[in-house]
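Values below: all heavy atoms of this structure, side chains included; hydrogens, waters and symmetry mates excluded. We count ligands from 1, going down the list as the structure has it; atoms in each ligand are counted the same way.
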Amino acid sequence: MNKFYITTPLYYVNSKPHIGHSYTNIAVDTVSRFYRMKGYDVFFMTGTDEHGEKIEKASLASGLKAGEEKKFVDGIVPVFKDLWQKLGMQYDYFIRTTDDYHIKAVQAVLNKLYKDGRIYKKIYKGWFCTPCETFWSEAQSENGLCPDCKRHLEKLDEENYFFKISEYQEWLIDHINSNTSFIKPDFRRNEVLGFLREPLQDLCISRSKIRMSWGIEVPFDKNFVTYVWFDALINYISGIGYPGDTARLERYWPADFHIIGKDILRHHTVYWPIMLHALGMAPPKTIFAHGWWIVKGEKMSKSKGNVVDPVAVIDKYGIDTYRYFLLREVPFGLDGAFSEEALIKRYNSDLANDIGNLLNRTLTMVEKYFEGIVPVIKGQGSPHHSLRSDAGQARVKGRDQLKEKAAGLADELDKTLPQLDYSGALVKIWEVINIANKLIEDSKPWVLAKEKKTDELGSLLYSLLESLRIVALSIYPFMPATTKSIMEQLGVAEPVEKMKFEDIGTWGKLKPGTKVNKSKPLFPRIESA
Ligand code: ME8
């Protein structure tokens, strides 16, 4: 069985998750569902990054004493888990960097690299950004401000351990150049290659306990803890059994995707592959850095008061609307602007008007003209009298086009989703919805009913219902709850979880004679915010 191993970043537990964090997880959940439908052995891992100065400070600020950080992080982790549950995340494993086996894995890595002569000690004179948990050199500091987040840097002058990453620069450049799918999107690869034009500085991988003690102790020097990034990146292998469980490790490594935001590109595409290479392990297959959600034209921040709480949005508009909006609004990889107005606009046009309306009007007609029973396709290919007219021919052509486009969705998903082109996949699905809605307008079923062209009317309604089944299954990775309600309304008894990807491309699976269950509109129109 093919495997598919995909990860999210491990989020810092200094505050509650916001829409940005949920975006990454929804993207990973969606493509994981797609591969599960295709029968892959999927391993989707997410979790929390719990060490370092930022968390230590947050713990103290919460009123806890030094040394009580574990109590603090234990209090925040359930907030993440609850949100993921609420969003319907089907992750296979939740890793915490305070887990015992992870701590042991980090120490095993440090011991190996130390033994191999890859780690050495020297005085570190430079800067540190606590919010970014990143070291910056004198040249990189912008008048004492962080070049990334523009906040104040802390000056450091202390002995520390360093990992000789400079030795691997040429290897990394070669690897990036010869593996075009290693860093995605392509413009991010160019950004990393640009960064690698300057000589790499060895990476400081420790913090002195005198200044900061909330971390994994360096196994060969108890006066130091591990730098939080060095600790956290190792989760991608500790979570699948490094170092002891070689069978699991060999099963899942290399990861198929690390999905991250653009903010942590360098850590994942420079430090991490070099760490792996130094350990004698292969780099991940693809690191995909998605874009940034901004709110009211600015980066979300507590001080600006523009942080969007996913729970509030979900409670108001529903989980599937939220998932749909995030993945449809912006091509994955680019930045996007989040606003309730934009969400309502998409909801009304794509959900209420397009898909919701198609289901509703189709089922209404099945009830009105066929007593709620899925009709049989009749008359196709035979010299049925209604086909003799031009209008009749056009209607048959319209139905054929719908059938072809609907059954072709399997191929479209196969082309788009392995590339994480979520919006591209949704555009293709909505093309089918739009063709179906247009077919209703063009075929005028109410006229067919009046003229008693029952066979043709039945064929038309069957085509619409069957396209709805295919559309419902195609949107499953994105909007699993909507798939379920459409299937229920179509009268399909088989549980969605049992359906297969091939069922998308197989026209005719909906059985004539099935009783439909029309219920409330899926997405009632929203008149105002
Ligand atoms: O960086 N738009 O954790 P973090 C889109 N612990 N995505 C966003 C976002 C936004 N406005 N804000 C956050 C860390 N994200 C480290 C990672 S991994 C071994 C260690 C998402 O809590 C996006 O995925 O700051 C980003 O990369 C991540 O949250 C940063 O989360």
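Side-chain contact, T130 with E154: a donor N or O sits under 3.5 Å from an acceptor N or O.
In terms of protein heavy-atom proximity, atom 11 (N) of ligand 1 is nearest to W293 O, 3.1 Å. The protein heavy atom nearest to atom 19 (C) of ligand 1 is Y236 OH, 3.6 Å. In this structure, atom 28 (C) of ligand 1 lies nearest to the protein heavy atom Y11 CE2, 3.9 Å. The shortest contact between atom 4 (P) of ligand 1 and any protein heavy atom is with Y12 CD1, 3.7 Å. In terms of protein heavy-atom proximity, atom 24 (O) of ligand 1 is nearest to T24 OG1, 2.7 Å. Among all non-hydrogen protein atoms, the one lying nearest atom 18 (S) of ligand 1 is L10 N, 3.4 Å. Nearest protein heavy-atom neighbour of atom 1 (O) of ligand 1: I264 CG2, 3.5 Å.
Annotation for K222: atom NZ does not count as buried by contact number, only 12 or fewer foreign heavy atoms lying within 6.0 Å. Within a 6.0 Å sphere centred on CD of Q201, heavy atoms belonging to other residues, nucleotides or ligands number 12 at most.
Within the 4.0 Å heavy-atom criterion, the part of H268 lying near ligand 1 is the side chain and not the backbone. In M300, the part holding a heavy atom less than 4.0 Å from any atom of ligand 1 is the side chain. Looking at I19 against ligand 1, nothing comes within 4.0 Å, counting heavy atoms.
The heavy atom nearest to atom 13 (C) of ligand 1, out of those in F80, W292, F338, is found in W292. Among V308, I260, D263, the residue whose heavy atom sits closest to atom 27 (O) of ligand 1 is D263.
In this structure, T24 and Y11 have side chains that are in contact, with non-hydrogen atoms separated by less than 4.5 Å. The shortest distance between side-chain heavy atoms of M275 and I234 falls below 4.5 Å.
In this structure, R36 fails the cation-pi test against F44, since its NZ or CZ atom is not both closer than 6.0 Å to the six-membered ring centre and inside 45 degrees of the ring normal. Note that R346 lies outside the cation-pi zone of Y324, set by a 6.0 Å cut-off to the ring centre and a 45° limit from the axis.
Ligand 1 has at least one atom lying under 4.0 Å from a heavy atom of G291. Note on ligand 1: K299 sits outside its first shell, no heavy atom being nearer than 4.0 Å. At least one heavy atom of H18 sits less than 4.0 Å from an atom of ligand 1. Residue contacts with ligand 1: E133 is excluded, as none of its non-hydrogen atoms falls under 4.0 Å.
Relative ring orientation between Y93 and Y101 is described as tilted, the plane-to-plane angle lying within the 30° to 60° band.
If you number the atoms of ligand 1 from 1 as listed, the ones under 4.0 Å from a heavy atom of D49 come out as 6 (N), 16 (C), 20 (C). The distance from ligand 1 to the heavy atoms of P9 drops below 4.0 Å at these ligand atoms: 18 (S), 24 (O). When each atom of ligand 1 is checked for a heavy atom of A232 under 4.0 Å away, the hits are 19 (C).
Separation of the F135 and Y227 ring centroids falls under the 6.0 Å cut-off. Aromatic pair Y252/Y236: ring centres not closer than 6.0 Å.
For the pair Y23 and ligand 1, the shortest N or O to N or O distance does not fall below 3.5 Å. For G261, a nitrogen or oxygen atom sits less than 3.5 Å from a nitrogen or oxygen atom of ligand 1, counting backbone and side chain alike.
When all heavy atoms are compared, the tightest approach of A66 to L60 is N-CD2, 3.5 Å.
The backbone N or O of I210 sits less than 3.5 Å from a side-chain atom of S208, completing a donor-acceptor pair.
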